[in-house]
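Taking it in order: structure first as structure tokens, then the write-up.
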Amino acid sequence: SQQGEEDPQALSIQEGENATMNCSYKTSINNLQWYRQNSGRGLVHLILIRSNEREKHSGRLRVTLDTSKKSSSLLITASRAADTASYFCATGPNFGNEKLTFGTGTRLTIIP
Amino acid sequence: NAGVTQTPKFQVLKTGQSMTLQCAQDMNHEYMSWYRQDPGMGLRLIHYSVGAGITDQGEVPNGYNVSRSTTEDFPLRLLSAAPSQTSVYFCASRGGALENIQYFGAGTRLSVL
């Protein structure tokens with residue numbers, strides 16, 4: 001079963017606007033990662049946040065983590081057409097379990 | 001700097017045929033994994049390896065075999081292809097137990113008729 005579930009499943013916004021997508025997970029984690037997948041390509045790592053961190057920034061990306069609610073959000077500011085992609089959260093590896101478990105993804109479309 | 005290389009990129013099989021999807025990485029990574037991606041299902045782990053000679057099952061291992069004879073290579077074998085195995089397959093690697101970032105290949109799109 002999926003550990004992470006992204007919300008919304010699909011999101012369309014105008015270029016320049018901010019995009020926010022959410023991830024909920026079920027069990028305790030050591031860290032949570034976000035990946036991007038352009039159409040027809042493999043996944044690319046974006047950012048990792050550890051369980052003792054509440055917020056992390058990387059360029060136009062801002063990730064938050066609320067372990068009490070078992071949720072994370074990814075904010076992309078000042079969106080660009082090149083941000084059009086699917087975004088996945090992944091939990092793991094955790095507590096000796098070597099697996100990374102991916103959610104079902106959010107499909108983001110940036111309208112020029 | 002090749003990273004993770006998967007071959008072939010596309011493949012069409014008939015039901016019952018067998019084939020091997022190849023995966024190679026040149027980053028000297030200990031950990032390698034195979035995922036399948038289906039619409040609305042995200043990525044599901046098929047098999048993974050934490051080093052040469054060591055493999056373990058993931059979430060959906062049935063119908064697939066793996067082996068890891070070298071650090072670089074992690075082939076995925078379909079023993080008797082079924083239409084349910086039509087999917088996009090991704091190989092990934094990461095450095096080791098303390099390295100969480102996973103690097104993905106470009107994928108193999110497989111159709112089983």
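All figures in this text were calculated on a predicted structure; none of them were measured in a lab. Numbers restart at 1 for each chain; the letters A, B, ... are given by sequence-line order, proteins then strands.
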#### Entry: Gap between atom CG of A/Leu43 and atom CG of B/Leu43 - 0.5 Å precision
5.5 Å
### Query
Transitively linked via ILVMFWY side-chain contacts under 4.5 Å: A/Tyr87 with A/Ile49?
yes
### Message
Is there a continuous path of hydrophobic side-chain contacts, each under 4.5 Å between heavy atoms, that joins A/Leu75 to A/Tyr35?
### Response
no
### Under 4.5 Å from a heavy atom of chain B, the part of A/Gln37 involved
side chain
### Task
Measure the shortest side-chain to side-chain distance between A/Thr101 and B/Glu59 over non-hydrogen atoms and say whether it is less than 4.5 angstrom.
no
### Atom CZ of A/Arg54: over 12 foreign heavy atoms under 6.0 Å
yes
### B/Tyr35, part contacting chain A, at a heavy-atom distance under 4.5 Å
side chain
### Message
Hydrophobic clusters here meaning ILVMFWY residues chained together by side-chain heavy-atom distances under 4.5 Å, can you tell me if B/Phe90 and B/Phe74 are in one?
### Response
no
### Query
Looking at side-chain heavy atoms only, is the closest gap between B/Asn100 and A/Asn30 below 4.5 Å?
no
#### Entry: B/Ile101, part contacting chain A, at a heavy-atom distance under 4.5 Å
both
### Query
Between A/Gln33 and B/Gln102, do the side chains contain an N or O donor and an N or O acceptor separated by less than 3.5 Å?
no
#### Entry: Heavy-atom proximity to chain A below 4.5 Å, by part of B/Gln6
neither
### Query
Would you say A/Ile47 and A/Tyr25 are hydrophobically clustered, going by side-chain heavy atoms of ILVMFWY under 4.5 Å?
yes
### Summary
Minimal heavy-atom distance between A/Phe88 and B/Gln37, with the atoms involved, is CZ-NE2, 3.4 Å
### Query
Is it true that atom CZ of A/Arg107 has more than 12 heavy atoms of other residues, nucleotides or ligands lying nearer than 6.0 Å?
yes
### Query
Linking I/L/V/M/F/W/Y whenever any side-chain heavy atoms sit under 4.5 Å apart, do B/Ile46 and B/Leu78 land together?
yes
### Task
Report yes if the distance between the aromatic ring centroids of B/Phe104 and A/Phe102 is under 6.0 Å, otherwise no.
yes
